[in-house]
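Lettering follows sequence order; numbering is per chain, from 1. Bear in mind the structure is a predicted one, so any value in this text is a computation, not a measurement.
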Amino acid sequence: MAERATTPPILQGPTAKEKKYDRQLRLWAASGQAALETAKVLLLNSGPGVVGVETLKNLILPGVGSFTIVDEANVSELDLGVNFFLEESSLGRWRAEETRRFLQELNPEVRINALEGSIDAFADHPRRLEQYSLILLVGPTRNARVLDRICQHADKSSIPLFYIHCQGFFSHFSVQLPAQFPIVDTHPDPASTQDLRLLNPWPELLEFLEKKTGNLGLLSDHDHGHVPYLLILLHFLNVWNASHDSQFPANYSEKKEFKALVESGARRNNSEGGEENFDEAAAAVLKSLNPHSISSGLREVFEADACQNLRPTSANFWIIANAIQKFQTSHNGILPLPGALPDMKAQSSDYIQLQNIYKAKARSDLAEVTRTIRSSEQELSRRLSIEQAEIEAFCKGAQFIKVIHGRPIRVAKCTAEIDWSDRAKALSQELQNPDSLLPIYFAFLALDRYQDDIDRIRTLRQPANDQQFNDILTGRVVSGAVPPLPTFAESAHFSTPAVDPEHDPKPWPRFDTPEARTAFDDVVKELDRADWGELHNIAALTGGMVAQEVIKVITKQYVPVDNSCVFDGIASKTAVFKV
Amino acid sequence: MGRDRFAKQSLGYLYPRIKQSRILMVGAGGIGCELLKNLVLTGFGEIHIVDLDTIDLSNLNRQFLFRQEHIKKSKALVAKESAAKFNPHIKLEAHHANIKDPQFNIEWFQSFALIFNALDNLDARRHVNKMCLAADVALIESGTTGFNGQVQPIIKGKTECYDCSTKEVPKSFPVCTIRSTPSQPIHCIVWAKSYLFTELFGTSEEETPEFDHSEDSENAKEIENLRQESQALNSIRQSMGSDDLARKVFDKVFKDDINRLRSMEDMWKTRKQPNALDFDGVSKGASGTKPSVAQHDQKAWTVAENFTVFCDSLRRLSTRLQTSQARSEADIAAPVLIFDKDDEDTLDFVAASANLRSIVFGIESKSKFDIKQMAGNIIPAIATTNAITASLCVMQAFKVMRGDLDKAKMVFLERSAARVINSDTLKPPNPNCNVCGVMSSTLILDPDRATLKDLVEDILKTQLGYGDEFSINNEVGTLYDPDLDDNLSKKFSDLGVKADSFLTVIDDDEDDPRVNLSLAILEKTLPADTKAVQLPKKLDIARKPKDAPAPLTNGDTNGHVTASPVGTKRKRSLEEPESGLQQNNKRGKIHMPSKAIGFQDDDLVIADDSNDGAIVIDD
């Protein structure tokens, strides 16, 4: 090993903040952390509200920038039994402020406010939502109108919104994302991201190949056993092409034949009876010889209007996507090279050289994309130029880009039926599955409508005292005012077989099977038994799941749930549905 | 309305039992903090917490019972205090101790209705698993890494135990293991990298302004000692650049600190005592060694070679630090060096220091090449995964308490947006498991006169009818097999076999081997006219099942949890019925497979780097 010619630059040590967040920076890097730290989360809490507070806990710890809690309730004895972020002295006080106080202790670096006023204020003045970057709305809200207006406005302003339910052993959350929500860094499995371009080699790689395998047969045993496997594959592809009319092995049987050809090249007159590098080459045949193609997610991005027609106000994402599309058009459909190499048996100097060849190609591809971007920026007279790191990340992850199409949250309105549109059929099919957890979703929808009904009655009667008012606010309605939930659910739309979705203008998913109806009834009964109560443990779990998805949405990394998730705490099962 | 109304309503008849239950939580880290909150709010009557670790800055992004001002304090004690505030009606007891300590014996384990593992290392997990099997108490095992998590209920004789499927070698270590009681090369590597190097060249936590140095009388003595030790080391930084820097550092960490550790007699009752090194002595022996030996990275260096590389790399690093200090402006933070496995100077220093420490503790030295690999990466850990995993633990606990074993599940958490949580029915015990697929008994021995021969001849061969082909093992390794008879005349105490520890007898009979025999040691003075080793009752040991189907492991349902060739590993263990530990010992290899679950959350978590494009060089 040669002495280092120059002293490498001194690195500054990690800051205290970097140390504190060290274990998560390994998951979403500095860019994800920066996104979290600038996010402003609004929690519109209702009911016992534990799930909302537990979600906040999981967002405060990793350092999401600021929080606003809206919660009208005062702390009751019941709250003390389920909410960890309250104590005896909190009894009778304003719950939002009390939880704020305890949550703040978790992380002095985040800002948490308790906001006076009711959730209704946001329904009445939806523009107040616009200062937030993400909304957590805990159901059931006071009534369907409040829910509807908040969801609609969040949708219009492209603010991601999470609608959350948690009662007894069940919970649900739905994610309302903007209509087009692209994710560049989906963190694909590293094994799947290796793009060796063996079928599309470039001159520098071929030159190195010739140097290393030009006279493969004459190499010493040591050198022969250290030819990097990808050069072995390239070498034998040339051999193959010579006898196959320059056609690469395309199907399984050809690849098998090619594999045998590679294996036949190994020297076996040694103590191991073979060579490790040749074993590696043979093992890589199936996955490394696929023709270059563009993933459906990326194709979708290329075809989008936003990519085709750039505007001065286009998001960086589309400017880069446009440049990459131009790149692949001018390179016969081939994308910029990501440039990473897998481990392989090789002499270190060869491996390093090979690594440099791949890196150099990746850099030159990136430079070409960057040039296109700079000229687009000039054409569009954009003031800020896109950072190199953002372009590079896009080039590296291009094949794995995903676009989620946000869908509005279904709201159980009393006045109008829900428009299930294109989902009615798929959901009806899902309900045919006797083990489906989808009935949980419908049970919570029934709960929303039930709450809406209660609210109508509430507005007709004046609460007799403060306690009753509080009970109504927190959903703990004195029995007798409305029929019990199961009776209500049975009489409501939910358990009656709907009209044929093929012909109904606003079709409903059908509960045709007895299993689905029984499942629905069982969940409703269990929700009723829970009596508007949350089990701490289920709320903690749901808070964990919601926060996990919130982090994905804020960092725009990893692929979030699209778009509804239900949890069955009796079976310890989750299911994700697109509704 | 009572505060427990919701819990009463939803949990039904189980609730009174929960209120009366005395349970144990082992580990108060990432999962532990979440779990303790859930257990407290679920209403468990009495909760014991055991953790030997102290709080580190990097814990605060998820271990929510801890705050900045708690750094360096005991996790168990702080967790107890923080949680107690939230429910004064529950009895909480904290033990700042190692779960492997003899005070936590089988009888103590038996005093709990249920035990939760919220641990960060394989060794402790295995120990608790074994103790729970011996005490016949249900165990809820859990672990996380990054976005992935796993929960597994373990009930003796009914489900797979923790060791029924092959597990990977641990990569995370408690602070005390690293700082005071290393026993493996990796412990010394972590010490060199994350302690010695950081204190000398990096940002030591003492220097960071956020830290509060307020003393806490409740802190364990050793933690305070270690803190002082770090401070003393840190003050050596002032000598950076001076000619006697190497001597100062060397004397501090390889002589003075070792002598202090040696003086803690309790620590060495069950361990080999370390031996301090003498600077002048070693220096003399190293006079002919050239620093260029650092380039020989494939062989394990001698003491002299390590010493030479240590001094030389220390000189290189201190020069670098000084050069940059001279360059840096007064108003910016003092420059520091960061360990980077690709930075030769830092790697040389870590390799040489780690090996010198190994020599002090009588541990095998490693080549620089191996150390580079072992000093790899860190396992990510986040609040959300811990929150979900901890809640799943409690839900499985409900099922176990109800006796609903067919409803209890092995639950997996995954990053995929399609499923979030996956579950799998619990598998029956693996009949070939070396831990639970065994015959268990107590072995009464008289510590003053019992020898290994008494067990081999009187009990195994004569009383139980074993043939010649069998071995006796404990957690350290093999004590006896047909080719290893040197120990026969030794007393158990001389072999390091202590009360409440276990011996495993593995029958290697070719035709019809017995299942493994696990013997829990009970020390007792026996009348001189009776045998020195006795079984409390007659044993009828079953034979190993023939042609048992290869049992499934968790790896089959959750690819990311276990390294890929689980099936192959299992096959091998069918052919050679040895414990995995023994295989490691015999082959002298440390397996460092790629990322695996179940060992996160320590402040010293390391894992090998699976995707850094490491160069594979033939040896």
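- The CG atom of A:Leu535 sits 8.0 Å away from atom OG1 of B:Thr42, with the distance rounded to the nearest 0.5 Å.
- Among the candidates B:Met395, B:Lys399, B:Gln396, B:Glu34, the residue making the largest number of heavy-atom pairs closer than 4.5 Å to chain A is B:Met395.
- When all heavy atoms of B:Asn61 and A:Lys20 are compared, the pair lying nearest together is CB-O, 3.4 Å.
- Contacts of A:Phe567 with chain B are made by side-chain atoms alone, with heavy-atom separations under 4.5 Å and no backbone atom involved.
- If you measure heavy-atom distances from A:Leu86 to chain B, the contacts under 4.5 Å come from the backbone alone.
- Residue contact with chain B, scored on non-hydrogen atoms closer than 4.5 Å, involves the backbone of A:Ile570 exclusively.
- Between A:Glu54 and B:Lys37, at least one side-chain nitrogen of the basic residue sits less than 4.0 Å from a carboxylate oxygen of the acidic one, meeting the salt-bridge criterion.
- Residue-environment remark: NZ (A:Lys57) exceeds the threshold of 12 foreign heavy atoms within 6.0 Å.
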Worked verdict on B:Lys85 versus A:Glu88 for salt bridge (charged side-chain N to carboxylate O under 4.0 Å, His left out): CA-CA 9 Å; B:Lys85 279 189 228 154; A:Glu88 301 283 335; over 6 Å; no
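- Counting only distance, with no hydrogens or angles, the side chain of A:Thr574 and the backbone of B:Ile421 share a donor-acceptor pair below 3.5 Å.
- If you check the side chains of A:Ser572 and B:Lys407, you find no donor sitting under 3.5 Å from an acceptor.
- For chain A, no part of B:Leu39 is nearby; none of its heavy atoms comes within less than 4.5 Å.
- Considering all non-hydrogen atoms of both residues, A:Leu61 and B:Arg62 come closest at CD1-O, 3.6 Å.
- Ring-centre distance between B:Phe64 and A:Phe84: below the 6.0 Å cut-off.
- Classification of the A:Phe169-B:Phe398 ring pair by plane angle, with boundaries at 30° and 60°, yields perpendicular.
- For the pair B:Leu41/A:Asn537, no side-chain contact is recorded, criterion being any heavy-atom separation below 4.5 Å from C-beta on.
- Contacts of A:Ala340 with chain B are absent, with no heavy-atom separation under 4.5 Å from either backbone or side chain.
- To the nearest 0.5 Å, atoms CD (B:Gln68) and CG (A:Asn107) are separated by 9.0 Å.
- Judged by distance alone, with hydrogens and angles left aside, the side-chain atoms of B:Ser391 form a donor-acceptor pair with the main-chain N or O of A:Leu541 at under 3.5 Å.
- Here the shortest heavy-atom pairing between B:Ala387 and A:Gly544 reads CB-CA, 4.1 Å.
- In summary, B:Arg67 and A:Glu105 engage in a salt bridge, as defined by a charged side-chain N under 4.0 Å from a carboxylate O.
- The candidate with the highest count of non-hydrogen atom pairs below 4.5 Å against chain B, out of A:Gly533, A:Ala530, A:Ala539, A:Gly543, is A:Gly533.
- For B:Thr319, no part lies under 4.5 angstrom from a heavy atom of chain A.
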